[in-house]
Each structure stands twice: as C-alpha cells, then as structure tokens.
Q: 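The following block contains the structure, expressed as structure tokens.
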Amino acid sequence: MPAKTLTEKILSAHLVEGELKPGSEIKIRIDQTLCQDATGTMAFLELEAMGVERVKTELSVQYIDHNTLQIGPENPNDHIYLQSVCAAKGVYFSRPGNGICHQVHLERFGVPGKTLLGSDSHTPTGGGIGMVAMGAGGLDVAMAMAGVPFKLTCPRVVGIRLTGSLNEWVSAKDVILTVLSILGSQGNVGTSVEYFGPGVESLSVPERATITNMGAELGVTTSLFPSDNATKAFLEAEGRGSAWQPLAADEGAEYFRVIELDLGKLVPMAACPSNPGNVKPVSEIAGMAVSQVLIGSCTNSSLKDMRLVAKVLDGRHVSEKLSLGIAPGSRQVLKMLSQDGSLASMVGAGCRILESACGPCIGQGFSPASGTVSVRTFNRNFLNRTGTKNDQCYLVSPETAVATALMGVLTDPRTLGIPCPKWEMPSEFAVDDGMIIPPPETSGEIIRLETIGAPPECTPLPEHLEAEVLLKVGDKITTDHIMPAGAYLKYRSNIPRYSRFVFECFNKDGEPTFAERAEALKAKGITGAVVGGLSFGQGSSREHAAICPMYLGVRLIIARSIERIISANLVNFGILPLLFKDEADLEAIVPGTRILIERVSKQLKEGAEVAASFFLPDGSIRKVSLKHSLSAEDCALILKGGRLRLD
Ligand code: MIC
Ligand code: SF4
C-alpha cells in the first residue's frame, strides 16, 4: 500500500464513487453537517422541497450566530422557522447566544477522522482536530443531510512542514497570514492543505483551528492537522475524550508540494486592505492611526485568545483614540471568562463586550467611521464588508489587536515592553449544553412566519443561449461584491427582496441598478450575463450569490477562473459558468455585448470547449472559444434549470 496523506486516508475511508486521483471527480459520504442561520433557512427550505422526512447523517447541527441583531422581525422569524424545522427533521439546534458555529462545533461536536460539510466557508475550522471539513452551498449541505454523497474534485495535497515553535507575541494568526503570503488568496482551487512535522506538537487545538479556519482565504477545499495528544487533551477537557483517535499521514506520504515553515522565524503579520492575501509584517506599517479594534470572529475567539487579551488589558486602559469591541466565540468561552475574572479585566479596561456571535465580522454593527482604520482579528477584509464604504480594514492576531487597542496606533506587540501572558490548556472547560436543543423523537409542526419565502424556480436553459453582458468586473470579485451582507443580511429568507442588492457596489448614482437592468432584460426574454477575471466568487459559501442573480435572469458567467464553492452553487441554480481560453476575448468584451451560444446542450455534451459569438456594441462580431470544467452531471443540471428541478 502506498503511503497516504491524512487527507487521502480520510477521503478513502469515506469514498463512495470515483478514484482518489487529484483532479478527478469523487463522491464521499458525509458524517456531519452544520448550517448557520444566514444560509440555513434556504438549506432547510430546500431540504423540505426535496421531501426529506428526517436527516440521514450521523449528526446535523443548525446554529444561530449570524443574524442575531433582530432589527425588525426577519431574524427572529428565521430563528423560529429553523428551530421548528430542526425539531421536525432530526437536527440539533444551537440557540442564539450559544456562540459562533465553528467555535461551538469544535468544542461540542467535532470528531477526528469524520467528514463535515457546512453551509459556511469557514467550516474547515474542524480540520484543527483532524476532520475533513469543507464549506459548501446550502443546497449541497441539504443534499448531504438527505444522505446523498457529496461530489467534489479530489484535491491535491499541499504539505506544510512545521518546525520550531512560535516566539512570544507571535501566534497562530501569524502562521496562517504567512501561509497566505506564500500561497496567495487565489489559484489554490482543488487543494487540501495539510500541516505536519515536528512543529505541530507545539500548537494547541485553538491555535490549529485558527490556522485551518483561515485556510478558507486561500481558496482551498480544506485544511487539516493530525489528531495527536494535543487533540486528546482538548477533547478530554471538553468531556469528549472518547471521540479521540490518533490520526496522521503515513511516513513517506507524498505531497504535491511541501512548504517548510520554521515557526520560530515568524513575526506578527497583518492582512492589509482589502484582501486577506495582501499580507505585510506589522512592523512595516506600525504607527498608523486606528479608530477601532475588534477581537473575535470564528478565527480568533477561543478561550486562549480571550484570556491572552484579558491578561494584557488587566490593570491597563484602552486608548481614548479608539473603541475596542470583544466578542467571545461561544457561551462556553464567555462563561469561563466571567468565572476567571477575565471579563472584569476587559470591562475595567474600557472594552465593549459584544454578543457571542459573528456580529461586526459580517457587517452587523460596529462599522468604522468614514476614512478611518479598523483593526480586526477576523478573517476577511473585503472592501465595504464592515458596512462602511471604502473601508480600511486590517486583519491581525489578538496579540497585535490588543497592543493596538492600548497604544491607539497599529502596534507590533513585541514593542509593548511587557511580558507575554502564557497559555495553559485547562483540564476542564465549563461544559454546558443548555443552549443546544437535541431533536425530539417525533416531528412537530414547522412554523413559517410571513418573511420566509420559498426558493425561486428556475427554467431550463434555452437551446440557443442569447445573453447580454450586464456587468464586466475585474479579478478577485468576492461573494460580498456579488451579494452584500451587512444591513441586508436580514433578507436572506426573502429572495425577491434580497435580489435588489445584487452587485450593489457597482451601481452608479442616478443610473439604473444592476437589479433593474437585469429585470428589464428579463422582461424582454433575454438572459443576463456577467463577465469577470481571475478568482471570481472568492469568499463565502452563500448560495444567494447564485440564487439572486438567477432570480434576476442571469444564466451565464464567464470569467478567467471561478472559485470552488460558487462554481457548485452556480450549477445548483442553473447558471452556466464558462471560462475564457484567450485573455484577448476578455479584453474585447464590454457591457452591452450580446453573446450567442448555439446548441448549448450539444456543445456541453461534446466536450470541454464551447463556441460562442460576441456581438459587440460597435457592430463587430468576434467568434470565440470558451471552456468549462463541468462534469456530465453538472451540465445536465444546468440544462434542466438547476438541482431543485431534478429532485
Ligand atoms: C462569511 O464569513 O462571509 C459568512 C457570512 O460566514 C459566509 C456565509 C454567509 O454568507 O452566510 C461564509 O463564510 O460562507
Ligand atoms: Fe461568522 Fe465571520 Fe466566521 Fe463568517 S467569518 S462564520 S461571519 S465569524
């Protein structure tokens, strides 16, 4: 038997169809699923549409953590629907206030060696305890809950060999930011990142989870660590020692590429506006004025992070030049902070305690003042995600964040001149599952209040596809550009309402919006198209970035490259994702261009190339050859008008 990586071992134990060959399509059994409320309502409406009585997974959990502001009835209506549908379908329900899905799942449910599919892109947090954990669109998660194997491209495995150990004031966030500076935030589709080597044992589970969590920003399928004694200690402290098993890659396992990382050489890093891949050492940019510091999110809200922050704040005061907000990742963390005096240190230092939820990370409050710098321990700094136009958001470690909060300017924590607090894994966490409702034996009534709408229908793709380019965008267009969250997050269960904001950041004052233009085209019976550059659809798993454009009549996306999750979401909702073969064609195409693709079904069935004609607004015609990487099953789904029409 050839030596295997850990990714290969777990995938092969779950393989249902296909061959474990990087690049080939495989189907795997999913053991666990997680949903959060901003994507969960659609996922469960889809599950209902499929006629599934009870979920077929070993474990499925629904968390309420994104939409907890409750400005108006939309969010509580979602919560009531989700609680009732979870009871009806056999799903655990984590109530609002219990914490951020990834933090709570790691604490209470994750199991080394299992597969986890979540309707949230940071699901790979579970890789911190040796799970193959992946983000996906809500419909794919609904299918997994229905017991359908999950289809993915078998990833190539990049190994990161860790040696040494981190110096004081340098932490896990600096590890993943350094990895981002090496691998970048694009071009990593179809990759699994596996950490191994002697440096692994120096990292505790919360640190590993920070690293795998933000692997999402690399655009990879998943990231994982071995399951070792540190994993055992973590699970035992959670009272779940029996879930532990040792897991590691085989000796001599072959990686597609190995990156050597000496932890002892790393320094505090920051991702600069407005992409997590735009990384620089903090020392290079230190000294800039900052108006707010936020500590929390699923990346950096563990007890380890919070205790460090509290110890640094103890007996000191936050600078009057800025506001410091802290959101502990779970009720467990918050409870322990309140028991050990950390909360008192934080409050005493003048920090603002936020609910254990996503909050400002997804634009739910705490937007920074115009033209000012926000420093956050979060994982994404996409433009405008904070809720402030043209924001300047820097992503850093909790160490850098708290140093900045004290000094009032961006500060390298090594220059604070105080001893770095030490972390010790508690032998027991304050376990309390009182805010997790297990599913009852028998189904109850599903409550659907007035703001909950059904997923929209999609029609079959026309045989001769005639589309007009509504918008041409550049590289690294994120799902936040396509389907902004922030103030509109509360409309997630109401597609007609939420669709008004598709591509809102590209709307120009006094001109019709993207939604208005798309609808005008749709009324004329013409399909809408969007053209993009590299890494189209970076970021979140939100399938609304496919459903809402589809609702407005968009059925064609052409880009230079398209990210994994959005690609699957486009297919699920009947949008054809094509790729440019020739960069000159991308340069030539402009908004208003009519695209004609004749005999679409025949062309898709015949191969990976698609001939099209571009009728440019200047009257010229350009014959082009586009390509795709769709399977026969994907093509069939798009032609039929998406997965919901098939099932
Ligand atoms: C995000 O961090 O962008 C989100 C909000 O958690 C999304 C999910 C969503 O849009 O609801 C994600 O990461 O998938
Ligand atoms: Fe929530 Fe932010 Fe994590 Fe997304 S990245 S799950 S919004 S905390």
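Note that ligands are numbered from 1 as they come in the structure, with each ligand's atoms numbered from 1 the same way.
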Q: Checking H105 against Q32: is there a side-chain donor and acceptor pair closer than 3.5 Å?
A: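 A donor-acceptor contact under 3.5 Å links the two side chains.
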Q: Name the residues in contact with ligand 1, where contact means a heavy atom under 4.0 Å away: which are they?
A: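 The 4.0 Å shell around ligand 1 contains Q36, A38, T39, H66, D120, S121, H122, I362, R380, R385, R492, S540, S541, R542.
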Q: Evaluate side-chain contact (heavy atoms from CB on, under 4.5 Å) for F225 paired with I211, printing each intermediate quantity in order.
A: CA-CA 9 Å; F225 273 84; I211 296 169; 3.9 Å; yes
Q: Do any pairs count as a salt bridge (Lys or Arg N to Asp or Glu O under 4.0 Å) and have a residue in residues 494-503, sequence neighbours left out, and if so which ones?
A: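 Only R500-E519 qualify under salt bridge (Lys or Arg N to Asp or Glu O under 4.0 Å).
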Q: With a 4.5 Å limit on heavy-atom distance, are the side chains of I30 and I28 in contact?
A: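 Of all side-chain heavy-atom pairs linking I28 with I30, at least one is under 4.5 Å.
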Q: Among side-chain atoms of S330 and E107, is any donor-acceptor pair under 3.5 angstrom?
A: yes
Q: Is there any ring pair (Phe, Tyr, Trp, His ring centres under 6.0 Å) pair reaching into residues 203-223, and which pairs are they, with sequence neighbours excluded?
A: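 Of all non-adjacent pairs touching residues 203-223, none passes ring pair (Phe, Tyr, Trp, His ring centres under 6.0 Å).
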Q: Side chains of T68 and E355 only: does a donor on one sit below 3.5 Å from an acceptor on the other?
A: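 The answer is yes; a qualifying pair exists.
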Q: R376 and side chain to side chain contact (heavy atoms under 4.5 Å, CB included): which partner among I295, T386, N381, V293?
A: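 For R376, the side chain to side chain contact (heavy atoms under 4.5 Å, CB included) check succeeds only for T386.
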Q: Going through the distances and angles, do E543 and R492 end up as a salt bridge (Lys or Arg N to Asp or Glu O under 4.0 Å)?
A: CA-CA 10 Å; E543 60 189 354; R492 283 287 175 93; over 6 Å; no
Q: Near atom 3 (Fe) of ligand 2, which protein N/O/S atoms are found at less than 2.8 Å?
A: C298 SG
Q: Where the closest heavy atom to atom 6 (S) of ligand 2 is concerned, which of Q364, R385, R542, H66 has it?
A: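 Checking each option, the heavy atom nearest atom 6 (S) of ligand 2 is found in H66.
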Q: With a 3.5 Å cut-off and no angle check, do the side chains of S181 and T178 form a donor-acceptor pair?
A: no
